[in-house]
Asks: 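One structure coming up, written as structure tokens, with questions to follow.
Computed over heavy atoms, backbone and side chain alike; hydrogens, waters and symmetry mates excluded. Throughout, protein chains are lettered first and strands after them, A, B, ... in sequence-line order, and every chain is numbered starting at 1.
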Amino acid sequence: MTSRDRAFRGATAVVGIANTPFHKRGTATQSSAQLTLEAILAAAADAGIDAHDIDGFVSYANDDNEGLAIGAALGAKEIRWSTMVWGGGGGGVAAAVNAASAAVASGQADMVCVYRGISEADAGRQSYSKGHMGPLLSGHGVFAPAQICALRTQRMLEVDGVPASAMKALVQAAYHHAQNNPDAVAYGRPLDPAVYDDARWISEPLRLYDCSRENDAAGAVLVTTAERARELRQKPAYVLSGVQGAGPDWSESVENDLAYTSAGFHPAMVARLWEGAGVKPGEVDVVQVYENFSGPAVASLIDFGFVPKGPDAGRVMQFENLIAPHGSLPVNTAGGNIAEGFVHGFGLIVEAVRQIRGTSPNQVPDAALSLLLGGPMAPSVGATLFGSDAVL
Amino acid sequence: MTAKEFPGVPADLAEVVERHGHAVAAGDNATVLADFRPDRVGQLLASARPPEGMHSAELLDVEPGPDGLFSAFIRYTGTGGEAVFRSRWIQLDGTWLVTQVRNVPDTPPRTSMAHPSDDGLDAPHWEGLRRGELRMQHCPRCDRWTWSPRPICPGCHATDLEWPVVDPVGRIYSWTRTWQPFSPEVTGHLPYVVVVVELPGAGNRRILGVLLDGDGADVRIGAEVKGEIEPAADPEGYPLLRWRLV
Ligand SMILES: [Zn+2]
């Protein structure tokens, strides 16, 4: 039985979305719980529902705030679903949406909130890598995801032959899109290509602008049944298909992952996403691709077949192709982690939904299929494909 | 002040470098920071480690290169010993600025994380290093090498796994040269190169470590490397497996 037969497709929809402002790291006066509640209340207002009616909570990336505590703070009438997606970092961003949809589609809960909040005041620095850098890495001076992603990106460039220009094009597109997004951290700060080229090394082959940087902020989205979604005030962004997890010989293996230069979206996972949605890659209108770092984002687009492997990747990964409204593969249309703001990719969920609603700062005309890719080169990865009622 | 002369080095740079060394030794932070490239002050400040109680500086050499930069070597002396910094200078808008700095000679970082993991799964590896051996997890039943170590064999689910000695010889599978001070423990060792090494002696499993003298090295994937076990800093600590280009 395929996942499509199991009626996941179109059974649920995102009906409320919100980000708090993206505060510079370490500057928010609120705790991560306060930021999270601010985002959830804003998402409820966006959906036009009473936040007391939220009956499920899902988060990821080892969020500091348990669903039950958030539900209690909201005075939830009943909590029916509470899930943390395992796997550190942004690998869980799409998986969290999928988990919420699974809960709603199966009748375990009716209005599930996906949330994530970071405040350096209580989470500390580098909340993304906690618990994932054991002695076989950190004993050798490898402390940060940037170094892991640098190792994998280096082989993608040196052995696979993907040109470094592919990474630059992705970053330039993100900064370009951020110029139309007043909420983006890079709004009003366009990136001069020469500044990108000349920026300091973080860990070769990644320079400063190839890297995302954490913000103090939170995001929340609300998932409910397709039926209920049609009664609410916003245009529903239906969940057509979702996949998550790790392929063979992938995950927590200290650089022994089998498909080393892949982002982790193995062929069976990719096929399941398309099959579940009844969609072909060429039909997707717009992609939000998680860029912890530019290299893994390029690898994600290769894994999904949007971009050819090897040197040919440079043909598609060109600035003109990657920008809305008329590029052939518009990506990260609000600026992404790199230029909009970093809360483990939460802004990418919100933007994927805005594209379906028609409210993106860089709207792709009549976008009906909007793809979210989370967590590249992390122990767990995932994807969610959203669609408008036009594709149901 | 009469600046020393160095072949192939602009006289004004030699003067700037001499003054810079004295400013560093004197703790004249305003002058020092003004000498740093403004977009990388934080990284530069945390890259090199000065001696304790630093009080004087001696300019040893300035030479052209590499990549159009100029390299200056300054010895700083303090109550706790001495350290030589190699700063690299670039001219931007007519001003000489430091764009890289490191301690020389190039020594690998040693971190407080060099010990068995909390779950103890990798303890035989670390104990092996104490006896001068590289040991990795292997399943005698299905002949599978597993790395990183697991509680059971993922191939056949055997629980009685062994830790044979592996010849520390292999090829670079990938590498990165890290410039960012992700931990205060690496200050004084930046930049350093970490390699992932594919080991034919362990079913082509890969192990990770620092490449010795990696700073200026022409590192390539596929290059042959040989492991060396660096003794622990103290009896309580553990040795580390380092790599060297063959
Ligand atoms: Zn076995």
Side-chain angles (χ1 to χ4, degrees), chain A residues 125-126 129 131-161 192 194-196 198-211 213 248-258 260-261 293 295 377 379, chain B residues 37 39-40 42-44 99-100 108-119 121-122 125-126 145-150 154 172-183 185-186 189-198 204-210 219-222 238 240-242:
Chain A
R125 289 290 294 272
Q126 300 187 342
S129 57
H132 287 272
M133 295 287 165
L136 294 174
L137 295 167
S138 52
H140 297 284
V142 176
F143 301 98
Q147 294 167 286
I148 298 291
C149 291
L151 286 165
R152 297 174 185 217
T153 300
Q154 179 61 32
R155 191 171 170 92
M156 181 179 83
L157 301 181
E158 195 177 327
V159 175
D160 296 357
D192 181 337
V195 169
Y196 171 92
D198 203 29
R200 64 186 179 271
W201 290 116
I202 298 301
S203 199
E204 296 176 36
L206 303 175
R207 292 183 187 270
L208 179 65
Y209 292 98
D210 293 305
C211 304
R213 281 149 287 171
D249 265 341
W250 182 275
S251 215
E252 307 291 357
S253 56
V254 189
E255 303 313 278
N256 277 270
D257 309 77
L258 205 56
Y260 191 70
T261 61
F293 308 96
M377 297 186 179
Chain B
R37 229 176 130 170
D39 64 332
R40 56 200 71 189
Q43 192 180 73
L44 291 169
T99 188
Q100 300 171 16
R110 189 162 254 298
T111 84
S112 55
M113 291 296 288
H115 56 67
S117 58
D118 291 344
D119 59 16
L121 267 182
D122 57 0
H125 168 73
W126 294 99
W145 292 89
T146 297
W147 200 254
S148 57
R150 313 260 184 220
I172 295 178
Y173 190 80
S174 199
W175 62 277
T176 183
R177 183 177 284 109
T178 295
W179 295 77
Q180 183 69 10
F182 286 112
S183 158
E185 292 186 317
V186 301
H189 308 281
L190 291 160
Y192 56 91
V193 171
V194 172
V195 287
V196 176
V197 178
E198 193 176 50
N204 282 337
R205 286 292 171 191
R206 307 168 204 144
I207 196 164
L208 179 146
V210 172
V219 187
R220 299 284 172 91
I221 290 172
Y238 285 85
L240 278 166
L241 183 62
R242 309 295 198 184

Asks: With distance as the sole test, does Ser174(B) use its side chain to make a donor-acceptor pair with the main-chain N or O of Leu151(A) at under 3.5 Å?
Replies: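 Yes: the side chain of Ser174(B) pairs with the backbone of Leu151(A).
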Asks: The criterion is ring pair (Phe, Tyr, Trp, His ring centres under 6.0 Å); which residues satisfy it with Tyr196(A), sequence neighbours excluded?
Replies: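 Checked Tyr196(A) against ring pair (Phe, Tyr, Trp, His ring centres under 6.0 Å); zero matches.
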Asks: Which one of Gly222(B), Ser183(B), Pro181(B) has the most heavy-atom pairs closer than 4.5 Å to chain A?
Replies: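 Heavy-atom pair counts peak at Ser183(B).
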Asks: Given heavy-atom pairs under 4.5 angstrom as the criterion, report whether the side chain, backbone, both or neither of His189(B) touches chain A.
Replies: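 No part of it gets close to chain A.
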Asks: Go through the atoms of Leu258(A) and report whether side chain, backbone, both or neither lie under 4.5 Å from a heavy atom of chain B.
Replies: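 For Leu258(A), backbone heavy atoms alone lie under 4.5 Å from chain B.
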Asks: Heavy-atom distances under 4.5 Å only: say whether Asp198(A) touches chain B with side chain, backbone, both or neither.
Replies: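 Both parts, backbone and side chain.
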Asks: Under a 4.5 Å cutoff for heavy-atom pairs, which residue among Arg220(B), Glu198(B), Arg150(B), Arg242(B) has the most contacts with chain A?
Replies: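 With the most close heavy-atom pairs to chain A, the winner is Arg150(B).
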Asks: Examine whether an atom of Val194(B) lies under 4.5 Å from a heavy atom of chain A, and if so say whether it belongs to the side chain, the backbone or both; otherwise answer neither.
Replies: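 Both parts, backbone and side chain.
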Asks: Backbone N or O of Val196(B) within a donor-acceptor pair of the Arg206(B) side chain at under 3.5 Å?
Replies: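 Between the backbone of Val196(B) and the side chain of Arg206(B) there is no qualifying donor-acceptor contact (under 3.5 Å).
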Asks: If you draw a 6.0 Å radius around CG in Asp192(A), do more than 12 non-hydrogen atoms from other residues or ligands fall strictly inside?
Replies: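 More than 12 within 6.0 Å, yes.
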Asks: Only pairs of heavy atoms separated by less than 4.5 Å count here; which of Arg155(A), His140(A), Gln154(A) has the most with chain B?
Replies: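 The option with the most such pairs is Arg155(A).
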Asks: Please name all residues satisfying salt bridge (charged side-chain N to carboxylate O under 4.0 Å, His left out) with Glu158(A), sequence neighbours left out, ordered by chain then number.
Replies: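 Result, salt bridge (charged side-chain N to carboxylate O under 4.0 Å, His left out) vs Glu158(A): none returned.
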Asks: If you look at every heavy atom in Ala114(B) and Leu240(B), which pair is closest and at what distance?
Replies: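 The pair with the smallest heavy-atom distance is CB-CD2, 3.8 Å.
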Asks: For chain B, which candidate among Val142(A), Ile202(A), Asn256(A), Thr261(A) shows the most heavy-atom pairs at distances under 4.5 Å?
Replies: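 Most heavy-atom pairs within the cutoff with chain B belong to Asn256(A).
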Asks: Is a donor on one side and an acceptor on the other found under 3.5 Å between the side chain of Arg177(B) and the backbone of Pro191(B)?
Replies: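 No, the answer is negative, given that no donor and acceptor are paired below the 3.5 Å cut-off.
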Asks: Who among Tyr238(B), Tyr192(B), Tyr173(B) has the most heavy-atom pairs with chain A under 4.5 Å?
Replies: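 Top count of heavy-atom pairs under 4.5 Å with chain A: Tyr173(B).
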